[in-house]
Amino acid sequence: MSQYWLLKSEPKTFSIDDLAASPRQTTCWEGVRNYQARNFLCAMKRGDQAFFYHSNADPPAIVGVVEVVKASYPDHYAFDSNSRYYDSKSTPEASRWFMVDVKYVRKFTADLTLSALRSVSELHEMELLRKGSRLSVQPVRVHEWKAILRLARNAS
DNA sequence: GCCAACGTTGGC
DNA sequence: GCCAACGTTGGC
């Protein structure tokens with residue numbers, strides 16, 4: 001049974017267009033340094049799908065869909081002291097942080113902005129819309145997933 | 001650029 | 001174990 005997720009990225013750092021332009025349209029999702037988000041990353045399975053969300057963007061929006069093509073494995077950026085994601089407490093023997101690989105599936109014809117999503121009644125309990133929510137990896141309920149896909153279809 | 005909300009750190 | 005201080009996230 002595949003599950004649904006939402007992944008945040010700042011488009012200035014890495015946008016959905018960057019993903020589409022990546023080799024094999026695939027990238028590793030490195031740099032998650034929050035335990036709750038890490039736990040969700042570790043729960044992801046190959047074949048799960050996720051929304052790609054542009055945070056710190058103008059406007060912030062869900063912009064498309066990606067698929068998990070490799071389940072979680074140690075985030076080796078944490079082992080590299082030259083990386084901005086370095087964490088001396090994480091080692092190859094006992095990794096504290098993990099990442100998955102995701103592949104581009106599609107970009108919506110029209111971005112689904114945060115403010116537009118807030119007006120959809122089916123999404124009122126969505127984690128993304130909770131006040132103060134900062135989770136960069138979060139689960140999406142099936143009915144939320146469907147409602148958002150319907151919005152994307154109707155917006156096109 | 002501002003600032004509220006949140007998570008982490010570290011003194012006690 | 002409490003909590004103040006600090007750093008980060010991310011909408012506005």
Side-chain angles (χ1 to χ4, degrees), chain A residues 3-22 27-44 48-68 72-102 104-141 143-145 147-152 154-156:
Chain A
Q3 286 184 271
Y4 300 112
W5 309 93
L6 181 143
L7 297 171
K8 293 183 185 176
S9 183
E10 301 194 14
K12 266 167 283 181
T13 305
F14 190 80
S15 70
I16 193 164
D17 292 327
D18 293 329
L19 177 59
S22 296
T27 190
C28 58
W29 205 261
E30 81 280 9
V32 170
R33 295 292 178 268
N34 167 284
Y35 289 104
Q36 203 180 350
R38 189 271 319 262
N39 292 344
F40 286 133
L41 271 185
C42 289
M44 288 184 176
D48 285 0
Q49 291 197 312
F51 289 127
F52 197 113
Y53 177 80
H54 281 170
S55 61
N56 251 317
D58 187 21
I62 294 178
V63 295
V65 175
V66 301
E67 180 174 328
V68 177
S72 66
Y73 57 103
D75 181 343
H76 55 76
Y77 288 80
F79 311 147
D80 175 4
S81 58
N82 293 318
S83 168
R84 62 183 292 239
Y85 299 124
Y86 176 65
D87 179 355
S88 61
K89 306 248 180 56
S90 189
T91 65
E93 296 73 33
S95 187
R96 172 178 293 197
W97 305 116
F98 293 84
M99 57 188 177
V100 298
D101 287 355
V102 298
Y104 174 87
V105 173
R106 73 174 168 284
K107 189 170 145 176
F108 294 151
T109 27
D111 295 352
L112 300 178
T113 65
L114 190 62
S115 68
L117 295 173
R118 286 195 195 283
S119 69
V120 180
S121 61
E122 292 108 306
L123 304 180
H124 277 164
E125 288 182 22
M126 199 178 175
E127 171 64 25
L128 182 70
L129 305 183
R130 262 191 46 239
K131 181 177 165 67
S133 170
R134 302 191 325 191
L135 251 192
S136 64
V137 180
Q138 49 183 264
V140 172
R141 297 176 185 89
H143 78 271
E144 294 165 346
W145 181 267
I148 289 167
L149 286 188
R150 195 182 326 121
L151 288 174
N154 294 342
S156 64

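A note on names: the letters A, B, ... follow the listed sequences, proteins ahead of strands, and every chain is numbered from 1.
- The distance between atom CH2 of A/Trp97 and atom P of B/dT8, rounded to the nearest whole Å, is 7 Å.
- Along DNA chain B, the nucleotide nearest to A/Lys131 and the one nearest to A/Asn56 differ in position, and the one closer to the 5' end is contacted by A/Asn56.
- The interatomic distance linking A/Asn39 (CG) with B/dG7 (P) rounds to 13 Å, in whole Å.
- As a whole-Å value, the separation of A/Arg96 CZ from B/dG7 C1' is 13 Å.
- Side chains of A/Asp80 and A/Tyr85: a donor-acceptor N/O pair is absent below 3.5 angstrom, by distance only.
- For A/Arg118, counting side-chain heavy atoms from C-beta on, the closest listed nucleotide (B/dG7, C/dG10, C/dC12) is C/dC12.
- If you take OH of A/Tyr85 and C1' of C/dG7, they are 16 Å apart, rounded to a whole angstrom.
- Taking the six-membered ring for Trp and the full ring otherwise, A/Trp97 and A/Tyr35 have centroids separated by under 6.0 Å.
- A centroid separation of less than 6.0 Å is found between the aromatic rings of A/Trp29 and A/Phe52.
- Rounded to whole Å, the distance from CG on A/Asp111 to C1' on C/dG11 is 16 Å.
- One can place CG of A/Asp87 at 17 Å from P of C/dG7, the figure rounded to the nearest angstrom.
- Of the candidates C/dG10, B/dC6, C/dC12, the closest approach to any side-chain atom of A/Leu114 belongs to C/dC12.
- Between the NZ atom of A/Lys89 and the P atom of B/dT8 there is a distance of 12 Å, given to the nearest Å.
- Atoms CG (A/Asn34) and C1' (B/dA5) sit 13 Å apart, rounded to a whole Å.
- Separation of atoms CD (A/Gln36) and CD (A/Gln138) is listed at 9.5 Å; rounding is to 0.5 Å.
- Between B/dC6 and A/Tyr35, no contact under 4.0 Å exists linking OP1 or OP2 to a side-chain N or O.
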